[in-house]
Amino acid sequence: MERSEHAAIKIEAAPAPQSICVDAAFSAANFWWLFCSLVLAIKLLLLWVDPTPRLFMGDSWSYIWTALTGWIPEDRSYFYGYLVRGLALWPHSFTPLVLTQVLASGATAIIFALICRRLFEMSNRLSFLFGSLCAVDPSQVVWERYVMTETFSLLVYVLVLYWSFTYLRSRRLWQLAVVQALSVLLIGFRMSYLLVVQGCTILLPLIAFAHCALPVLRRRSGTRAPEARVLIIGSIHVIASIAMMLVVHGAYKYANGRLSHREPAYLYNAGDHLAAVWAPALKPSDATDPRFGEIIANGDQFKIKDLHFRNAQQYGEGLLIPRWHQIEKNRRKNDRVSRETSINALRHRPLEIVGLAVQTYMEYWNLRLISRYARNDLGYGTLKDEQLKALDEKFGFHTVDHLPVLPYSLLQRYFLAAWPYYFVVVLSPLICAFAVWFGRHRAFAFLLFTHASILIVVVTALSPQASIRYVQPVSLLTLLSIALCVDWLATRKGRRPWSPPVNFASLKATELKLRARKDSNLRPTD
């Protein structure tokens, strides 16, 4: 009997293993609250140090004009203009808008850390480290002060990434639908994500089912039933993804046309933009209208071959696109001719277009040029008297008529001083390739590689010049790929700094079973 009592005492004294896991899970939850509080504290501290709203003309003014009048811009997305109306015009101050953008940027950092912890299965320590780096990313924090769409669009983009990774892991159609819904919201904030959205409409389900099918194919079983089933389900997901994209994008274009009182379209001067960016490669024979071909033939008069005049070719008086608009007054036709001429140049001389993209990419490695472009990113130009009056009356905002406002603020100086980091950002596809080769989550890393590669193509082949602002989303992908590489290095050294996410419901049920078993062991014996 004494031995039985001694055993009972030992059972009662020994802690249940699952109870320890539950305690650890709640401890981890407390650490998450601390991390969220830290991010919020960092953001609010930076807001206190640098609270002044900033403008980038004329992007900022186009969003403000949408807020004031409901005007829909021809060359950019318009969702942000309605946010300006709700968060700045109605309160008659830019302060609520800036505060909301600060909180949105904090949410981006927290979701970034969630991706690292829940999907990349990294330790809390590494997840919090990279989440904190995301919170102080110089290519993000400076735009929290600007009347610009960068902060909100990046929040939507990190949500697209989160649900894309979730779909890669679970391969459920409703998750694909969430990705498509968020993607149309993303292009509604910033149209430069359009190629990523369209490309990943097909690539995302292909990556998901290729990752699923490879282990099946390696087994080389006698029957082909598993492979056939994977191929059928994968094909259904690809078709469903394309169908969902056509529906939601069609709705977006219809809404854009309805608000603009024009035909449905993503943008209404995409052809003009393309012709300006590829102006040095255009030839008169590419033009589908002889009048536009004649303008191109006289391109020496307005430096059509000069690489650094490409941005001005679209807006500068007496340059390519303004000359064409003076001849052809029909907006729909002049944009169509510009687009068709550009496509002909790409079809006839693709290597010249690639050469322009390479030259633009190399500008990111020119310290003198990139320093000048970074300063331009902080705003430049002169505000008109009616603009200054509207800012004062509608928003209570006083500013000088010439941008940028000097001296530079703390965050602007931080943005300029971080130029060595931007060299790392433009190498993002290479870093993602390392993560694909060495990382534990190769499907996730390959999706990052796909996003980074498409975005680099967009900011080189479809942009008139290098710009740090253009690579803001690439910076987010760079941090994620570096996180994957660091996690692989830590795991390789034998210190696995990760554990699977905790299922609290399962742990609770297991703890109840162990408690019932313990009670049965403590019953008196004969």
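Start at 1 with the first residue, then count along the sequence.
At distances below 3.5 Å, at least one donor-acceptor pair connects side-chain atoms of Y80 with backbone N or O atoms of M148. Side-chain atoms of S467 do not come within 3.5 Å of backbone N or O of D377 as any donor-acceptor pair. Checked by atom type and distance alone, the side chain of T478 pairs as donor or acceptor with a backbone atom of V474 at under 3.5 Å. Checking side-chain atoms of N311 against main-chain N and O of P464 turns up no donor-acceptor pair under 3.5 Å. Formation of a donor-acceptor pair under 3.5 Å by the T460 side chain with backbone atoms of T360 is not found in this model. Under a 3.5 Å cut-off, the side chain of W143 and the backbone N or O of Q472 do not form any donor-acceptor pair. Looking only at distances, a side-chain donor or acceptor of R310 sits under 3.5 Å from a matching main-chain atom of V277. A donor-acceptor pair under 3.5 Å is absent between the side-chain atoms of R145 and the main chain of V98, judged by distance alone. Side-chain atoms of E363 come within 3.5 Å of backbone N or O of A466 as a donor-acceptor pair. Within the 3.5 Å criterion, the main-chain N or O of L206 finds no donor-acceptor partner in the side chain of H237.
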For a side chain to side chain contact (heavy atoms under 4.5 Å, CB included) check, start with the C-alpha distance between V136 and S132, then their side-chain angles and the critical distance, and finish with the verdict. CA-CA 7 Å; V136 296; S132 301; 6.0 Å; no
Would you check, one step at a time, whether the test side chain to side chain contact (heavy atoms under 4.5 Å, CB included) holds for L168 with L119? CA-CA 10 Å; L168 287 181; L119 299 169; over 6 Å; no
Test side chain to side chain contact (heavy atoms under 4.5 Å, CB included) on M245 and Q198 and set out the steps. CA-CA 8 Å; M245 187 206 76; Q198 291 178 332; 4.2 Å; yes
Worked verdict on Y408 versus L378 for side chain to side chain contact (heavy atoms under 4.5 Å, CB included): CA-CA 9 Å; Y408 287 127; L378 298 178; 3.7 Å; yes
H451/Y193 under side-chain hydrogen bond (donor to acceptor under 3.5 Å, both in side chains): CA gap, chis, key distance, verdict: CA-CA 10 Å; H451 277 246; Y193 290 99; over 6 Å; no
Given the rule in the side-chain hydrogen bond (donor to acceptor under 3.5 Å, both in side chains) test, do T166 and Q175 qualify, once you have shown the distances and angles that lead to the verdict? CA-CA 7 Å; T166 303; Q175 296 165 343; 5.9 Å; no
Stepwise side-chain hydrogen bond (donor to acceptor under 3.5 Å, both in side chains) test for T108 and Q140: CA-CA 10 Å; T108 299; Q140 295 182 33; 5.5 Å; no
Ring pair (Phe, Tyr, Trp, His ring centres under 6.0 Å) assessment of F79 paired with Y252: CA-CA 11 Å; F79 284 6; Y252 174 84; 5.8 Å; yes
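Classification of the Y78-Y82 ring pair by plane angle, with boundaries at 30° and 60°, yields perpendicular. In this pair, F35 and F128 present their aromatic rings parallel. The plane angle is below 30°, not in the 30 to 60° band. Note: Y422 and F415 have tilted aromatic rings, judged against thresholds of 30 and 60 degrees for the angle between ring planes. Using cut-offs of 30° and 60° for the angle between ring planes, the F120 and H441 rings count as parallel.
Atom CZ of F434 has 12 or fewer heavy atoms from other residues, nucleotides or ligands within 6.0 Å. Enclosure of atom CH2 in W365 by more than 12 non-hydrogen atoms of other residues, nucleotides or ligands within 6.0 angstrom is indicated. More than 12 heavy atoms of other shown residues, nucleotides or ligands fall within 6.0 angstrom of atom OH in Y266. Atom CZ of F446 is surrounded by 12 or fewer heavy atoms from other residues, nucleotides or ligands within 6.0 Å.
No side-chain heavy atom of I202 sits less than 4.5 Å from a side-chain heavy atom of S241. Contact annotation: the side chain of Q412 never approaches that of L416 to less than 4.5 Å [non-hydrogen atoms, C-beta and beyond]. Y421 is listed as a side-chain neighbour of P138, based on a closest heavy-atom distance under 4.5 Å. Residues I207 and T450 have side chains in contact (heavy-atom distance under 4.5 Å, counting atoms from C-beta outward). Side-chain atoms of Y63 and T149, non-hydrogen and from C-beta on, do get closer than 4.5 Å to each other. Side-chain contact between L484 and W488 is absent, with no heavy-atom pair separated by less than 4.5 Å. Q314 places a side-chain heavy atom less than 4.5 Å from the side chain of N269. Looking at heavy atoms from C-beta onward, V426 lies out of side-chain contact with V459 at the 4.5 angstrom threshold.
Between R169 and R118, the closest heavy-atom pair is NH1-O, 3.2 Å. Nearest approach of L47 to L99, heavy atoms of both residues: CD2-CD1, 3.7 Å. When all heavy atoms are compared, the tightest approach of V197 to S183 is CG1-CB, 3.6 Å. A104 approaches F152 most closely through the heavy-atom pair CB-CE2, 4.1 Å. Looking at every heavy atom in both residues, A135 comes nearest to K43 through O-NZ, 2.7 Å. Taking every heavy atom of both residues into account, C432 and S481 meet most closely at SG-CB, 3.7 Å.
Of the listed residues (L46, L45, V39), just one forms a side-chain contact (heavy atoms from CB on, under 4.5 Å) with I42, and that residue is L46.
If you take CG on L133 and OG on S475, they are separated by 10.0 Å, rounding to the nearest 0.5 Å. Put simply, CG on D75 and OG on S62 are 7.0 Å apart, with the number rounded to the nearest 0.5 Å. Between atom CG of residue L83 and atom CG of residue L97 there is a gap of 7.5 Å, rounded to the nearest 0.5 Å. One finds the CE atom of M191 at 7.0 Å from the CG atom of N256 (value rounded to the nearest 0.5 Å). For the atom pair I187 CD1 and L267 CG, the distance stands at 9.0 Å (nearest 0.5 Å). From L480, atom CG reaches atom OG of S428 across 9.0 Å, with rounding to the nearest 0.5 Å.
The distance between the ring centers of Y146 and F56 does not fall below 6.0 angstrom.
For the salt bridge (charged side-chain N to carboxylate O under 4.0 Å, His left out) condition, the pairs that include at least one residue of residues 459-478, sequence neighbours left out, are E150-R469.
Remark: the S105 side chain and the E144 side chain contain an N/O donor-acceptor pair separated by less than 3.5 Å.
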